[in-house]
Amino acid sequence: MTSSSERPAVPRIADERTALTSRLDWLRATAVAKVAGLTEEQGRTAVSPSDMTPMGLLHHMTATERWWFSIDFAASREVPPPWPEDEQHDGFTFPDTATVPELVAAYEAECERSRAVVAATPGLDAVSQSPTEPPFDLRYLLVHMIDETSRHCGHLDYMREALDGGRGY
């Protein structure tokens, strides 16, 4: 597994925006570290008692990034929804032909798109542009995604240890 020294440093003294974005980036890198080196078989293996797989969870995290940053917050019309609009979907189902490296690349690209949304937003008090959701500000979004990403890092940590004994964060 990737060592913590390969992830971006989280400053211990920082302004609010830097503190939030650097923590989220550190967690994103942790998620990638958790799936690094998994075989395709391991990536597709559910860990009891759940039916979640590491690849399915990473795919879900990619969809979540897109949904919250590009669609709900920025209301981007150029970015397609992460799943068909006419069906209930949670993002855990991924293409049969997908590989661990492909899903990692997709996640990293989506995180980069999310970073661009944040960079283009002047302040943490900026309010979401989507007409379909109750409004929320960028601060709420960053805290929410820290919660979401952290929770899923815990899931990946558990799955990784069960699959091959990999430990660490």
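Computed from heavy atoms alone, side chains included, the values below leave out hydrogens, waters and symmetry copies.
Across E108, R115, M61, a single residue satisfies side-chain contact (heavy atoms from CB on, under 4.5 Å) together with R28, and that is R115.
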Notebook entry, point to check: Yes or no on salt bridge (charged side-chain N to carboxylate O under 4.0 Å, His left out) for R151 and D147, after CA distance, side-chain angles and deciding distance?
Noted result: CA-CA 6 Å; R151 183 174 27 262; D147 289 345; 5.8 Å; no
Next item on the list: Test side-chain contact (heavy atoms from CB on, under 4.5 Å) on L124 and L142 and set out the steps.
Entry: CA-CA 9 Å; L124 295 174; L142 290 168; 3.8 Å; yes
Next item on the list: Please report the C-alpha distance between Y107 and L103 in whole Å, then the side-chain angles of each, then the deciding distance to 0.1 Å, and finally whether the side-chain contact (heavy atoms from CB on, under 4.5 Å) criterion is met.
Entry: CA-CA 6 Å; Y107 178 64; L103 291 178; over 6 Å; no
Margin query: side-chain contact (heavy atoms from CB on, under 4.5 Å), that's the test. Do F94 and T99 meet it? Break it down for me.
Written below: CA-CA 10 Å; F94 56 93; T99 66; over 6 Å; no
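Both V100 and Y158 belong to a common hydrophobic cluster when Ile, Leu, Val, Met, Phe, Trp and Tyr are linked at side-chain heavy-atom distances under 4.5 angstrom. Note: the hydrophobic cluster containing V79 does not contain F69 (ILVMFWY, side chain heavy atoms under 4.5 Å, direct or indirect links).
Of the possible polar contacts, none joining the E161 side chain to the M159 backbone as a donor-acceptor pair under 3.5 Å is found. R160 places no side-chain N or O within donor-acceptor distance of the main-chain N or O of G166, the cut-off being under 3.5 Å.
Here the straight-line distance linking atom CG of L58 with atom NE2 of H155 works out to 14.0 Å at 0.5 Å rounding. Within the model, atoms CG of L156 and OG1 of T53 stand 9.5 Å from one another, a figure rounded to the nearest 0.5 Å. Taken from CD in E78 to OG in S70, the straight-line distance is 9.5 Å, to the nearest 0.5 Å.
Between I71 and S130, the closest side-chain pair of non-hydrogen atoms is not below 4.5 Å. You'll find the side chain of R66 reaches within 4.5 Å of the side chain of P80, heavy atoms only. At least one side-chain heavy atom of L138 sits under 4.5 Å from a side-chain heavy atom of R17.
Ring-plane geometry between H152 and F92 is classed as perpendicular, the angle between the planes exceeding 60 degrees on a 0 to 90 degree scale with a lower cut at 30. A tilted orientation is assigned to the rings of F136 and Y140, their planes being inclined by 30° to 60°.
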